[in-house]
Amino acid sequence: IYQAWADPASRLFFYADACARKGDIAKMEAAFGPVIVGEWSLATDNCAMWLNGFNDNLPGFPRLPCKYMPCDTREAYHEHLINNATVLNPNTPLQGPYGTGMSGPIFNQCPTTRDWKKESSGDPKTGSDWIHAPPEALPHHDDTDNVMRNLARKKINAFSGIGHGFYFWNFQTELYEPSWSYLQALDRQWIPTDSVNFKNDPKIASACHAEDEGDFSCVVKSGQKEESVRNGLRYAIYQTGKNTSETDQQLEEATGDELIEWANEEFNAYWSSHRLDGVTCDFGGIATLDFKNRTGSDDDWVTDDDEYSPIIVVQGYSTAMVVIVVVAGIVLGSLAGFLLAMHCSPKFNKRIRHTMLGHVSNSAMRSSMALDKYEDYEPVNF
């Protein structure tokens, strides 16, 4: 069960999708008997090199730019390469032969999985920072460990909690790909060492609590075109059998907030009713999961504080603040330069005495400008 070929989405989408697999597994267990899930990974993109074959990829993939890392140069790795004299030549761009897509070394840099970035909006459900960010996150912006650890717990909860176990793809990969390598994921502590006996780990046992309890709402993403929202709403209405000639007319007439509110209601109703059957909150890419604010105490379940809570990254000062600081710096710098010149340059001091500043009577100001005492000052007529 893979998520690597899903469209870019928020972390909450991947969390809910992982937990929703329980419904599929439960149905298969009831129909056929014990189910062992295989294979699966923690990847949320298909950037890993040659994932779809040698120098190949599916058309339209990867959906987002990939991160790159130095290629493996082990001799054993070279032996099975086709045309290795050119493919791994560190001084060449991407070389053929190609399939329907492209994935391979570029100047000795190999594509690898993107980093997950902390959400600067403070709202993990948006996913906008991860989708629009560069593929490699700065260390203090990198949230990959958190996302992968939570995703692993939810997948293990679904696969071993409802099914009878799983096997992971793979125990080892050529490049450093912990989202595809079981040993590397263990080393990063994304997957617990006792993942088979997950009930001994309360964080895994309760990993899908929020999803199982329906603590999410399926809502329209902000900034969607009304026609796209209307098409998604039409799909939800038809799937639930609510379509009539009257609703068709209302669909064409609904606009603005009225259309969004109606879509939110129908999207959430359809998703809530069918999420355990594997239905996702997508509706053509215009919907997303919204984590509801919890009330009361939840001492009966355990999860990470940073799993759903806001994650705020300081973006820097606003433009107005920068302008204010720059102007203040110029003013203070000019004043400091003026006072220094008054004290160090007799000629400059003399010229200033014969200006309006020479009439200043405040003793502190006269002292700071190295002027004679006011009673000793000889007025200058202008």
Donor-acceptor pair, distance only, cut-off 3.5 Å: does the side chain of [X] make one with the backbone of [Y]?
| X | Y | value |
| --- | --- | --- |
| T100 | N57 | yes |
| Q184 | Y176 | no |
| R149 | Q189 | no |
| E226 | G256 | yes |
| N55 | M102 | no |
| S10 | F13 | yes |
| T247 | T244 | yes |
| N157 | I204 | yes |
| K154 | A16 | no |
| S228 | Q224 | no |

Are [X] and [Y] close enough that some pair of their side-chain heavy atoms sits under 4.5 Å apart?
| X | Y | result |
| --- | --- | --- |
| P135 | C66 | no |
| L259 | L233 | yes |
| D248 | Y238 | yes |
| K22 | C208 | yes |
| W40 | K155 | yes |
| F14 | C19 | no |
| N231 | I286 | no |
| I1 | F159 | yes |

>> Could you go through W262 and Q250, starting from their C-alpha distance and side-chain angles, then the distance that decides it, and tell me whether this counts as side-chain contact (heavy atoms from CB on, under 4.5 Å)?
In response: CA-CA 10 Å; W262 188 10; Q250 292 172 342; 3.8 Å; yes
> Salt bridge or not for R188 and D145, using N-O below 4.0 Å?
Replying inline: yes
> So, R234 and E252, do they make that salt bridge, N to O below 4.0 Å?
Replying inline: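 The answer is yes: the pair qualifies as a salt bridge.
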> Linking I/L/V/M/F/W/Y whenever any side-chain heavy atoms sit under 4.5 Å apart, do F107 and Y68 land together?
Replying inline: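 The answer is yes; both residues are in one hydrophobic cluster.
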> Under a 4.5 Å side-chain heavy-atom rule over Ile, Leu, Val, Met, Phe, Trp and Tyr, are F166 and F32 clustered together?
Replying inline: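 As far as the 4.5 Å side-chain criterion goes, F32 and F166 are connected within one cluster.
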>> If you apply the rule side-chain contact (heavy atoms from CB on, under 4.5 Å), what do you find for W190 with T144, and how did you get there?
In response: CA-CA 10 Å; W190 294 353; T144 305; 3.9 Å; yes
> If you group Ile, Leu, Val, Met, Phe, Trp and Tyr whenever their side-chain heavy atoms sit less than 4.5 Å apart, what else falls in with F61?
Replying inline: Y2, W5, L51, L58, W169, W180
> Do other residues, nucleotides or ligands put more than 12 heavy atoms under 6.0 Å from the CD atom of E246?
Replying inline: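 Check fails, neighbour count at 12 or below.
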> What do you reckon, is CD of Q239 surrounded by more than 12 foreign heavy atoms closer than 6.0 Å?
Replying inline: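 Counting neighbours around CD of Q239, more than 12 heavy atoms of other residues, nucleotides or ligands fall under 6.0 Å, so yes.
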>> N150 vs N146, test: side chain to side chain donor-acceptor pair (under 3.5 Å). Steps then yes/no.
In response: CA-CA 6 Å; N150 287 317; N146 175 44; 2.9 Å; yes
>> Walk me through whether R230 and T255 qualify under side-chain contact (heavy atoms from CB on, under 4.5 Å).
In response: CA-CA 9 Å; R230 192 172 286 109; T255 59; 4.1 Å; yes
Using 0.5 Å steps for rounding, measure from the [atom1] atom of [X] to the [atom2] atom of [Y].
| X | Y | atom1 | atom2 | result |
| --- | --- | --- | --- | --- |
| M49 | T113 | CE | OG1 | 12.0 Å |
| S41 | N170 | OG | CG | 11.0 Å |
| E119 | D143 | CD | CG | 8.5 Å |
| K203 | R153 | NZ | CZ | 5.0 Å |
| D45 | T112 | CG | OG1 | 8.5 Å |
| K117 | D129 | NZ | CG | 4.5 Å |

Which pair of non-hydrogen atoms, one from [X] and one from [Y], has the smallest distance, and what is that distance?
| X | Y | answer |
| --- | --- | --- |
| A158 | I25 | O-CD1, 3.7 Å |
| R114 | P65 | NH1-O, 2.7 Å |
| Y15 | V147 | OH-CA, 3.6 Å |
| S179 | M148 | CB-SD, 4.5 Å |
| L175 | C110 | CD1-CB, 3.5 Å |
| C344 | P346 | O-CD, 3.5 Å |

> Which is it for F267 and F283 under the ring pair (Phe, Tyr, Trp, His ring centres under 6.0 Å) test, yes or no, and what are the steps along the way?
Replying inline: CA-CA 8 Å; F267 286 0; F283 296 95; 4.1 Å; yes
>> Applying side-chain contact (heavy atoms from CB on, under 4.5 Å) to V323 and V327, what does each step give before you reach the verdict?
In response: CA-CA 6 Å; V323 171; V327 171; 4.2 Å; yes
> Looking at W130, does the NZ or CZ of R11 lie under 6.0 angstrom from its six-membered ring centre and within 45 degrees of the ring axis?
Replying inline: no
